[in-house]
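Comments concern the structure below.
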Amino acid sequence: MRYWKFLGMLPLGLALGGCNLVVLAPSGDVAAQQRDLVIIATVLMLLIVIPVMAATAIVAWRYRQSNQAATYTPDWDHSTQLELLIWAAPLLIIICLGAVTWMGTHLLDPYRTLGRISAERAVTPQDKPLEVNVVALDWKWLFIYPEYGIASLNELAAPVNRPLDFRITSSSVMNSFYIPALAGQIYAMPGMQSRLHAVINKPGVYRGFSANYSGSGFSGMRFAFRGLSDADFAGWVDKAKASGQELNKQDYLALERPSANEPVRHYASVDSDLFRAILNMCVEPGKMCMSEMMAIDAQGGMGMAGVRNTLPLAYDKFAGRGAVFGTEPSFVAGGVCLPGDQVTRMADDSSPTVLAPLDWTPLQGRGLARPGLLRPSKASFITGPTSKSDS
């Protein structure tokens, strides 16, 4: 029966044989340094874990009930030597872990430019980084190469031993950009830009995916990362340029609609302003960019002259993302609605003209008194709503 039990455990070994150990055997220098940190931290912790587990087993065996030779000292309650060992050893381990973690956190900061290509080769001024703009869509990945004016969907390529500068954002919800063979995962968030500096040192095809659940199509949000020689990468760029497809802002608005398991596509040309517009959530024609709104706020706001039909900054792209408000865009304001009646006052000293009264039902809370009418300033020009969406 003992041999049959041993044979019954063989399938478990075969199952473990299918595990992918890419995290412990990466092909990029950054991922290799991260692996070294994991191994160092594990070894340091095992310096405490293994002796404690061994001591637990030894004490249980030595002081078992049947061992009459064990020394019985019921009045023992303190040992200076034992206290020093119990507290000093973990303290030294924590100091070592803190030092290693502090150094690794700063040296492997994803926003920090690379200092080396590999353990044997430092970065030189001739090693120009390749910039790649990464956009997490629902549920696919878009990669834009500003240097070459091309883009690809669900396929990423880079030359080996060349620094990579990833600028990462998302079109809707949070995702996570992760290539285990290259570097650690970096979050992709709408309206924000994350950075990742890395390098691939060995040619090959590696797996990339999203490590953050983002909806029903999440399981298919995977892509191939190709580490290529300089010649092969030049051929990949030529292949993309020969595709003939163009990616402008209108094409992007159609592309960003939710879809799963999209095939690999290449784009021969890309709107040079597309990534900036995606990052600032203003790809739609006529929509104010987030950077413009921030610049206006930094100057103190738009004032009375600026409250004119400004599209809102929203993550949701209306019906394209399944919003409940329909396909029509909404507006912040088409003017200023004064409490009470709808009033128009010109810049001169003429008396205000009272127009049709407004419906106060949506504006007046339960049990709240109606506020008094605020008289506009002399230089102001105030009108009522100019469209249905304004009111």
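This structure is a prediction, so every number in the text was calculated from the model and none was measured. When reading the values below, keep in mind they use all heavy atoms of this one structure, side chains included, and skip hydrogens, waters and symmetry mates.
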With a 3.5 Å cut-off and sequence neighbours excluded, list the donor-acceptor pairs that the side chains of residues 226-236 form with protein atoms.
| from | atom 1 | to | atom 2 | distance (Å) |
| --- | --- | --- | --- | --- |
| R226 | NE | E155 | OE2 | 2.7 |
| R226 | NH2 | E155 | OE2 | 3.4 |
| S229 | OG | D232 | N | 3.3 |
| S229 | OG | D232 | OD2 | 3.1 |
| W236 | NE1 | E155 | OE1 | 2.9 |

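- Of the inter-residue distances, the one linking C289 atom SG with D273 atom CG reads 7.5 Å to the nearest 0.5 angstrom.
- We find the OG-CG distance between S210 and D138 to be 10.0 Å, quoted to the nearest 0.5 Å.
- Among residues at least two apart or in separate chains, there is no salt bridge (charged side-chain N to carboxylate O under 4.0 Å, His left out) pair with a member in residues 58-73.
- In this view, V52 and I48, T56 satisfy the side chain to side chain contact (heavy atoms under 4.5 Å, CB included) rule, not counting sequence neighbours.
- Going from atom CD1 of I150 over to atom NZ of K241 covers 6.5 Å, rounded to the nearest 0.5 Å.
- Residues satisfying the side chain to side chain contact (heavy atoms under 4.5 Å, CB included) test with P110, not counting sequence neighbours, are I186, L196.
- Defined by atom type and a distance below 3.5 Å, a donor-acceptor pair is present between the side-chain atoms of Q185 and S176.
- Rounded to the nearest 0.5 angstrom, R116 CZ and L107 CG are separated by 9.5 Å.
- Screening residues 83-101 for salt bridge (charged side-chain N to carboxylate O under 4.0 Å, His left out), with sequence neighbours left out, gives no hits.
- The aromatic ring centroids of W141 and F177 lie less than 6.0 Å from each other.
- The ring pair (Phe, Tyr, Trp, His ring centres under 6.0 Å) pairs that include a residue from residues 61-96 number zero, where partners must be two or more places apart or lie in different chains.
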